[in-house]
Student: 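One structure, pasted below without further comment.
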Amino acid sequence: QVQLVESGGGFVQPGGSLRLSCAVSGRLWKSADLAWYRQAPGKQRELVGQLTRGGLVLYADYVKGRFTIARDNKENSMYLQMNSMKPEDTGIYYCNAHVPPPTIEAETLVVWGQGTQVTVSS
């Protein structure tokens with residue numbers, strides 16, 4: 001089984017902080033590049049940041065300097081630390097895993113979590 005499970009969403013005031021976690025199954029933990037996405041109602045899903053197997057971290061411009069993505073090797077999880085949050089950060093946050101195919105004939109594996117709601121409001 002391959003599986004991603006998000007947790008930690010909730011309500012926060014502008015300027016506050018939240019930490020989201022993504023529990024990653026064994027196969028994905030060893031083989032996948034990981035990422036966080038988010039989607040507001042009526043909007044397209046957008047990339048928040050990426051964390052590759054090699055340790056490269058990339059952030060969208062609108063979260064750079066406020067959000068941090070990292071692996072927790074002891075817990076087999078990826079977290080998203082969100083600081084200085086703004087109302088426009090509101091949305092459903094999704095964990096994503098991308099696994100390149102083992103052969104050139106195989107298909108790329110993409111796995112999504114169920115999502116966790118984040119609401120930023122006073």
Side-chain angles (χ1 to χ4, degrees):
Q1 181 182 10
V2 292
Q3 182 175 307
L4 302 172
V5 180
E6 302 96 336
S7 63
F11 178 88
V12 66
Q13 298 183 42
S17 299
L18 280 177
R19 178 180 288 236
L20 306 182
S21 294
C22 173
V24 184
S25 63
R27 179 191 172 189
L28 294 176
W29 184 252
K30 293 191 297 184
S31 61
D33 296 328
L34 304 174
W36 284 99
Y37 287 76
R38 69 186 185 187
Q39 186 170 20
K43 301 293 183 64
Q44 295 290 323
R45 188 175 300 182
E46 61 184 3
L47 177 69
V48 176
Q50 297 176 315
L51 178 59
T52 72
R53 290 171 292 169
L56 179 64
V57 183
L58 300 172
Y59 298 98
D61 288 340
Y62 56 85
V63 304
K64 191 173 298 183
R66 300 188 297 121
F67 292 8
T68 301
I69 296 173
R71 290 177 182 264
D72 186 338
N73 291 309
K74 295 181 180 180
E75 301 292 335
N76 276 31
S77 63
M78 174 180 64
Y79 72 80
L80 174 64
Q81 178 66 47
M82 302 184 289
N83 300 321
S84 302
M85 298 189 72
K86 306 174 181 179
E88 52 263 43
D89 294 324
T90 294
I92 302 175
Y93 283 68
Y94 297 92
C95 188
N96 169 270
H98 176 270
V99 184
T103 68
I104 59 174
E105 295 86 8
E107 298 291 333
T108 299
L109 175 64
V110 180
V111 181
W112 292 95
Q114 294 297 313
T116 185
Q117 177 69 48
V118 172
T119 302
V120 185
S121 177
S122 59

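Just the heavy atoms: all of them, side chains too, but no hydrogens, waters or symmetry mates, feed the values below.
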Student: Taking all non-hydrogen atoms of both residues, which atom of Asn76 and which atom of Asn73 are closest, and how far apart?
Tutor: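 For Asn76 and Asn73, the tightest heavy-atom pair comes out as OD1-O, 3.4 Å.
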Student: With a cut-off of 3.5 Å and sequence neighbours excluded, list every side-chain donor-acceptor pair involving residues 98-107.
Tutor:
{"unit_1": "Thr103", "atom_1": "OG1", "unit_2": "Glu105", "atom_2": "N", "d": "3.4"}
{"unit_1": "Thr103", "atom_1": "OG1", "unit_2": "Glu105", "atom_2": "OE1", "d": "3.4"}
{"unit_1": "Thr103", "atom_1": "OG1", "unit_2": "Ala106", "atom_2": "N", "d": "3.3"}

Student: Hey, any chance Tyr62 and Phe67 share a hydrophobic cluster, counting ILVMFWY side chains that come within less than 4.5 Å of each other, even indirectly?
Tutor: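 Yes, Tyr62 and Phe67 fall within the same hydrophobic cluster.
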Student: Quick one: list whatever passes side chain to side chain donor-acceptor pair (under 3.5 Å) with Gln13, sequence neighbours left out.
Tutor: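 Listed in chain order: nothing, the list is empty.
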Student: Report yes if some heavy atom in the side chain of Val110 is under 4.5 Å from a heavy atom in the side chain of Asn96; otherwise report no.
Tutor: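 A side-chain contact exists here, since the closest heavy-atom pair is under 4.5 Å.
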Student: So Glu88 and Thr90, side-chain contact (heavy atoms from CB on, under 4.5 Å) or not? Walk me through it.
Tutor: CA-CA 5 Å; Glu88 52 263 43; Thr90 294; over 6 Å; no
Student: Quick one: are Met85 and Pro14 in side-chain contact, heavy atoms under 4.5 Å?
Tutor: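 The answer is no; the side chains never approach within 4.5 Å.
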Student: What class does the angle between the rings of Trp112 and Tyr94 fall in, given that below 30° is parallel, 30 to 60° is tilted and above 60° is perpendicular?
Tutor: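 Because their plane-to-plane angle is over 60°, the rings of Trp112 and Tyr94 count as perpendicular.
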Student: Taking all non-hydrogen atoms of both residues into account, name the closest pair between Ala35 and Met78 and its distance.
Tutor: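 Nearest pair, atom of Ala35 first, then Met78: O-CE, 3.6 Å.
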Student: By the salt bridge (charged side-chain N to carboxylate O under 4.0 Å, His left out) test, which pairs, at least two apart or in different chains, include something from residues 65-87?
Tutor: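 Listed by first then second residue: Arg66-Asp89.
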Student: Which salt bridge (charged side-chain N to carboxylate O under 4.0 Å, His left out) pairs, counting each pair once, include a residue from residues 46-58, with sequence neighbours left out?
Tutor: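 Qualifying pairs: Asp33-Arg53, Arg38-Glu46.
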Student: Count I, L, V, M, F, W, Y as connected when their side-chain heavy atoms are under 4.5 Å apart, and connections chain through other members. Are Leu34 and Tyr37 then in the same cluster?
Tutor: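 No: no chain of side-chain contacts under 4.5 Å links Leu34 to Tyr37.
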Student: Establish whether Val63 and Leu47 are linked, either directly or via other cluster members, by ILVMFWY side-chain heavy-atom contacts under 4.5 Å.
Tutor: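 Cluster IDs for Val63 and Leu47 differ.
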Student: Start with the C-alpha gap between Leu28 and Leu4, add the side-chain angles, then the distance that decides, and say whether side-chain contact (heavy atoms from CB on, under 4.5 Å) holds.
Tutor: CA-CA 9 Å; Leu28 294 176; Leu4 302 172; 3.8 Å; yes
Student: Given Glu6 and Trp36, is the side-chain contact (heavy atoms from CB on, under 4.5 Å) satisfied, shown in steps?
Tutor: CA-CA 10 Å; Glu6 302 96 336; Trp36 284 99; 3.9 Å; yes
Student: With sequence neighbours left out, what residues match Arg45 under salt bridge (charged side-chain N to carboxylate O under 4.0 Å, His left out)?
Tutor: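 Testing Arg45 for salt bridge (charged side-chain N to carboxylate O under 4.0 Å, His left out), a comparison that skips the adjacent residues, returns none.
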Student: Going only through I, L, V, M, F, W and Y residues with side-chain contacts under 4.5 Å, is there a path from Val48 to Leu51?
Tutor: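 Yes, same cluster.
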Student: Less than 4.5 Å apart, any side-chain heavy atom of Met82 and any of Val12?
Tutor: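 They are not in side-chain contact.
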Student: When clusters are formed by joining ILVMFWY residues with side-chain heavy atoms under 4.5 Å apart, either directly or through shared neighbours, do Leu80 and Trp29 land in the same one?
Tutor: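 Same cluster.
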Student: State whether the side chain of Tyr59 and the backbone N or O of Ile69 hold a donor-acceptor pair below 3.5 Å, judged by distance alone.
Tutor: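 Looks like yes, one N/O pair under 3.5 Å.
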Student: Show me, pair by pair, the donor-acceptor contacts under 3.5 angstrom made by side chains of residues 16-25, not counting sequence neighbours?
Tutor:
{"unit_1": "Ser17", "atom_1": "OG", "unit_2": "Asn83", "atom_2": "OD1", "d": "2.9"}
{"unit_1": "Arg19", "atom_1": "NE", "unit_2": "Gln81", "atom_2": "OE1", "d": "2.8"}
{"unit_1": "Arg19", "atom_1": "NH2", "unit_2": "Gln81", "atom_2": "OE1", "d": "3.2"}
{"unit_1": "Ser25", "atom_1": "OG", "unit_2": "Gln3", "atom_2": "N", "d": "3.1"}

